[in-house]
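Okay, so here's the structure we're looking at.
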Amino acid sequence: MERKWEAKLKQIEERASHYEREPLSLVYKPRLSKPEEPPSIWKLFHRQTEAFNFVKSCKEDVHIFALEYKVGDGQRIYLVTTYVQLWFYYKSRRNLLHCYEVIPENAVCKLYFDLEFNRLANPGADGKKMVALLIEHVCKALQQFYRVSCSAEDVLNLDSSTNEKFSRHLIFQLHDVAFKDNIHVGNFVRKILEPAFHLIASEDDDMTPETMGHEFSHFSETPIKQGISFSKKSTDKDIGESWTTNSKKLERLGSAKQSSPDLSFLIVKNNIGEKHLFVDLGVYTRNRNFRLYKSSKIGKYVPLEVAEDNKFYPVQLKTISKENQYFLSALVSNVRFSDTLRILTCDISQNKQKRVEYFNHTSTSVETIEGFQCSPYPEIDQFVLLLVNKNGIKGGIRRWSYFFPEELLVYDICKYRWCENIGRAHKSNNIMILVDLKNEVWYQKCHDPICKAENFKSDCFPLPAEVRLLFLLKEEEEFTADETRNPHEPSSSASSKGTLSDADWDNGIDDAYILEATEDAELAEAAEDSLLSYNGIDEIPDELIIEVLEEY
DNA sequence: CAGCGCTACCACACCCC
DNA sequence: GGTGTGGTAGCG
């Protein structure tokens, strides 16, 4: 929404200045066109938005390329043409030397990597070996998360190294598989490299191993994502076949709990000795420019060439030269059309984002963190809100604290003051809801001096199933697959519903009830999420669900 | 006349102890 | 000193 506004505003400003510069001609100049000639499309724009607008108005399969044209500042102009036509003028390498592909936001694309390290700062680093290990790790992850099989033979490996810098581009050539867009690629890459971040964070600080354990135990060791599904593009039926890998989820839960892979090979030093990843994570932004095969950065004469250790060999065709094949394979948004194309997605859920925000802040104490309204466990917040919204009283969460050693979440409640001890609401003292994550129970205490004096603590009640199971099977990120009827049209909202089969919905849970019952959109989403988690489990403890709903 | 999309960083205001 | 915000230099 916000982005749309910004874009619109910018577009209008652009148009205004354009008309100021070039007022409309009063003379109409008709042109003749010969229909039998192949359409020649070759248009240059100073502004990216103008290029995008032209592409929209164009029937042909055209693409945007950014051309560097001034040394020093990274100024670019934007070329719109077809792959065929670009290659025709590009292949001689006498012009168009500094060309970049614009990977359009929302466009289906390949999995790609930009790899680099400074040779001087990393003597002894074996670049080729690091590339091989990375490819191996990525292939395993693709298999584990999406059941996609591939190997180093499916990875176009391009080299742009110098004496100073080891530099590679990897472009995965998966069969009938692509990512929804490059933002999803970035999410996937960050997800599968997560163990390496922890290595960077932990190695150089003087944190003790014990505190490290506490800091990360709930996250790094949390079983990673199980809700993986695919949908298949289908031409005979118009509906994308979709299925969830329910029965496999628990299996994988087991394997995911195994010690995380050793990614220490990914850690390199930059020229000032700071630790970084070998993988550049800055290349997964909207409309990212990605250098073409055989192009060099302006001012340098180091084009991307097929690496010595490349193992991807395109199938030889009579109609297309080998070089052209490599050129086309290196294009990230050049996804081969296929009627069995599967689109992979990797969302970062709201929960995860919140958790990242919370845990990035260095708290005063290593053992507790605290905040207001929303804790890092939105599902539990939601449950607590259910508890304190009864009999027409709209209770809320005033503040929460989390105690690492005890795994205890303490909620200070506002407005709702019902106390089990006195069997009625307190008049001027607030109550607390305590959630014991270790024992999966909750109980109530309060701030009233009398209750406090007798150290009152209510009976313990089991946490509802969705909170417990969520904790166990928490889908930190959602790996789903969209229907792929039209890969170039961004699907309206990658609703997680898309991954559910009819049978899943017909399990006796009134999902509409939950969606309506929670006014807050975010809470509704959390509620929906928990349903999805249920659907991933073969045996659903129905009694528990009903209990929660009745509470509401 | 004319690039784009970020992130890390800084300055500053405000709040609470 | 903690926390939130708004602006920007500079990176990819």
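A, B, ... follow the sequence lines: proteins, then strands. Residue 1 opens every chain.
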Looking at the side chain of [X], which of [options] is the nearest nucleotide?
| X | options | answer |
| --- | --- | --- |
| A:Asp114 | B:dA2, C:dG12, B:dC4 | C:dG12 |
| A:Thr285 | B:dA2, B:dC4, B:dC6 | B:dC6 |
| A:Asp280 | B:dG5, C:dG12, B:dG3 | C:dG12 |

Sugar-phosphate only, base, or nothing, as touched by [X] at under 4.0 Å among non-hydrogen atoms:
| X | value |
| --- | --- |
| A:Gln75 | base |
| A:Gly282 | nothing |
| A:Arg286 | sugar-phosphate |

Taking [atom1] from [X] and [atom2] from [N], how many angstroms apart are they, rounded to a whole number?
| X | N | atom1 | atom2 | answer |
| --- | --- | --- | --- | --- |
| A:Asn187 | B:dC6 | CG | P | 13 Å |
| A:Ile64 | B:dC4 | CD1 | P | 11 Å |
| A:Ile103 | B:dG5 | CD1 | C1' | 13 Å |
| A:Tyr69 | B:dG3 | OH | P | 6 Å |

Discussion item. Could you check whether A:Arg190 makes a cation-pi contact with A:Phe188, meaning its NZ or CZ is under 6.0 Å from the centre of the six-membered ring and within 45° of the ring axis?
Written reply: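 Relative to the ring axis of A:Phe188, which defines the angle, A:Arg190 lies outside at least one limit.
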Worksheet entry | C:dG12 OP1/OP2 closer than 4.0 Å to side-chain N/O of A:Arg288 |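 Answer no for this pair, as no side-chain N or O of A:Arg288 is under 4.0 Å from OP1 or OP2.
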Fill in: Phosphate-side-chain proximity, A:Asn287 and B:dG5, N/O vs OP1/OP2 below 4.0 Å
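Yes, A:Asn287 has a side-chain N/O under 4.0 Å of OP1/OP2 on B:dG5.
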Discussion item. Students often mix this up, so state it plainly: with edges at 30° and 60°, are the rings of A:Tyr284 and A:Phe113 parallel, tilted or perpendicular?
Written reply: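 The rings of A:Tyr284 and A:Phe113 stand perpendicular, inter-plane angle above 60°.
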Discussion item. Please give the distance between the P atoms of B:dC1 and C:dC11 as a whole number of Å.
Written reply: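 Here B:dC1 and C:dC11 have their P atoms 27 Å from each other.
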Practice prompt. Would you confirm whether A:Tyr90, through its side chain, and A:Ser295, through its main-chain N or O, come within 3.5 Å as a donor-acceptor pair?
Written response: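 Yes.
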Fill in: Ionic contact status for A:Glu305 with A:Lys294, cut-off 4.0 Å
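Result for this pair is yes, salt bridge flagged.
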